[in-house]
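Read through the structure below, which is laid out as structure tokens, and then see the notes.
Source: prediction; values computed, not measured.
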Amino acid sequence: MRLVDCTLPRHGAAILAILNDAIVHSTALYDYQPRTMAQMTAWFEARQAGHYPVIGLEDAAGELLGFASYGPFRAFAAYQYTVEHSVYVRRDARGRGLGRQLLQAVIGRARAQQLHVLVGAIDADNAASIALHRQLGFVHAGTLRQVGYKFGRWLDLALYQLVLETPAQPREG
């Protein structure tokens with residue numbers, strides 16, 4: 001397996017399939033409707049415009065097994081050093097440590113970009129994702145109760161954060 005920087009032409013359809021599977025079958029995304037290729041294109045364009053990575057993990061045949069990315073945490077200038085990340089692994093590839101590899105790559109990329117805080121917003125019932133984040137040094141920063149409603153029930157959103165030693169000289173502006 002190898003980590004790659006994803007592109008829309010090469011990976012867009014595979015990322016869309018992974019996201020749509022998560023939308024339809026899980027509470028990893030608090031969304032109801034599968035996304036379209038037009039939405040995927042806009043998502044990639046926003047990541048590119050913000051200089052945010054989309055990191056993929058391919059098998060030996062070049063098939064995408066999972067991906068991770070981050071983007072703005074909130075749209076106010078003072079949050080410039082904080083990002084919210086996401087990690088998704090194809091359903092048939094879960095349980096093999098791929099999420100760990102992707103999350104470690106995201107952490108490394110955030111350090112390289114001189115960011116300071118990574119935030120993970122995780123469904124509070126997603127024990128595997130919570131355990132992974134804790135293993136990599138994320139700490140629980142709070143839980144927002146009943147903020148989502150999906151599959152006929154209220155969902156709690158747990159926030160986990162990792163504070164990095166970067167940037168060396170933060171600035172306002």
Side-chain angles (χ1 to χ4, degrees), residues 6 15-36 39-40 42-47 49-56 66-91 93-95 97-111 113-167 170 172:
C6 292
I15 289 174
L16 183 64
I18 292 168
L19 281 176
N20 284 342
D21 182 71
I23 290 169
V24 172
H25 299 288
S26 78
T27 56
L29 270 166
Y30 288 10
D31 209 349
Y32 299 127
Q33 297 301 317
R35 297 193 180 158
T36 65
Q39 290 170 308
M40 177 74 356
W43 181 83
F44 257 98
E45 289 171 352
R47 291 296 184 268
H51 305 286
Y52 300 121
V54 180
I55 304 165
F67 74 96
S69 185
Y70 54 75
F73 172 66
R74 298 194 69 197
F76 303 103
Y79 292 107
Q80 67 181 316
Y81 296 109
T82 301
V83 291
E84 182 178 346
H85 68 278
S86 56
V87 177
Y88 294 95
V89 175
R90 204 171 70 189
R91 190 189 318 197
R94 292 182 192 145
L98 307 183
R100 172 182 290 277
Q101 290 179 56
L102 287 164
L103 187 51
Q104 287 172 324
V106 160
I107 294 167
R109 200 67 69 90
R111 277 193 177 103
Q113 284 189 299
Q114 295 295 294
L115 297 171
H116 187 59
V117 176
L118 285 164
V119 175
I122 307 166
D123 183 77
D125 287 338
N126 189 340
S129 184
I130 289 170
L132 170 63
H133 281 78
R134 285 184 172 157
Q135 290 165 8
L136 293 179
F138 285 78
V139 297
H140 185 246
T143 298
L144 303 173
R145 304 279 179 213
Q146 299 185 9
V147 294
Y149 186 81
K150 189 173 180 181
F151 301 135
R153 62 188 174 93
W154 291 108
L155 306 174
D156 296 341
L157 188 66
L159 300 176
Y160 281 79
Q161 72 176 88
L162 179 66
V163 178
L164 304 174
E165 65 285 353
T166 51
E172 294 182 14

Looking at every non-hydrogen atom in both residues, tell me the closest pair between G66 and L102 and how far apart they are.
C-CD1, 3.7 Å
Kindly indicate whether the side chain of W43, heavy atoms from C-beta on, has any atom under 4.5 Å from the side chain of L19.
no
Give the minimum heavy-atom separation between S69 and V54, together with the two atoms involved.
OG-CG2, 3.8 Å
Side chain to side chain contact (heavy atoms under 4.5 Å, CB included) between I23 and Q33, worked out
CA-CA 7 Å; I23 290 169; Q33 297 301 317; 5.9 Å; no
Any chance the side chains of R109 and Y52 put a donor and an acceptor closer than 3.5 Å?
no
Check whether any side-chain heavy atom of R47 lies under 4.5 Å from a side-chain heavy atom of F44, and answer yes or no.
no
Over all atoms of both residues, closest heavy-atom pair of L98 and A93:
CD1-O, 3.5 Å
One should read off an interatomic distance between H133 NE2 and L162 CG, to the nearest 0.5 angstrom, of 9.0 Å
Within the side chain of H140, is there an N or O that forms a donor-acceptor pair under 3.5 Å with the backbone of Y160?
no
Given 3.5 Å as the limit, does a donor-acceptor pair link the side chain of T166 with the main chain of H116, or not?
no
If you take all heavy atoms of A124 and I130, which pair is closest and at what distance?
O-CD1, 3.6 Å
CA sep, side-chain torsions, deciding dist, call: L103, L132, side chain to side chain contact (heavy atoms under 4.5 Å, CB included)
CA-CA 9 Å; L103 187 51; L132 170 63; 4.0 Å; yes
For the residue pair L155 and Q146, establish whether any side-chain heavy-atom pair is separated by less than 4.5 Å.
no
Under 3.5 Å, side chain of Q39 to main-chain N/O of T36, donor-acceptor pair present?
yes
Got L144 and L159 here, is their nearest side-chain heavy-atom distance under 4.5 Å?
yes
Less than 4.5 Å apart, any side-chain heavy atom of V83 and any of Q113?
no
Quick one, Y70 and V119 - any side-chain contact, counting heavy atoms below 4.5 Å?
no
Minimum heavy-atom distance R111-E165, with the two atoms named:
NE-OE2, 2.8 Å
Value for CD1 (I15) from CZ (F67), rounded to nearest 0.5 Å, stands at 5.0 Å
Salt bridge present between K150 and D123 (N-O < 4.0 angstrom):
no
Measuring only between side-chain heavy atoms, which start at C-beta, is D125 closer than 4.5 Å to T27?
no
So, for L29 and A22, which heavy atoms are closest and what is the spacing to 0.1 Å?
CD1-CB, 4.5 Å
Value for CD1 (I107) from CG (L136), rounded to nearest 0.5 Å, stands at 5.0 Å
M40 CE to L16 CG distance, which is reported to the nearest 0.5 Å:
5.5 Å
Please work out which of the three classes, parallel, tilted or perpendicular, describes the rings of H85 and F138, given edges at 30° and 60°.
tilted
Verify the neighbour count for atom CD of Q135: are there more than 12 heavy atoms of other residues, nucleotides or ligands below 6.0 Å?
yes
Do the side chains of Y81 and L164 get nearer than 4.5 Å, heavy atoms only?
no
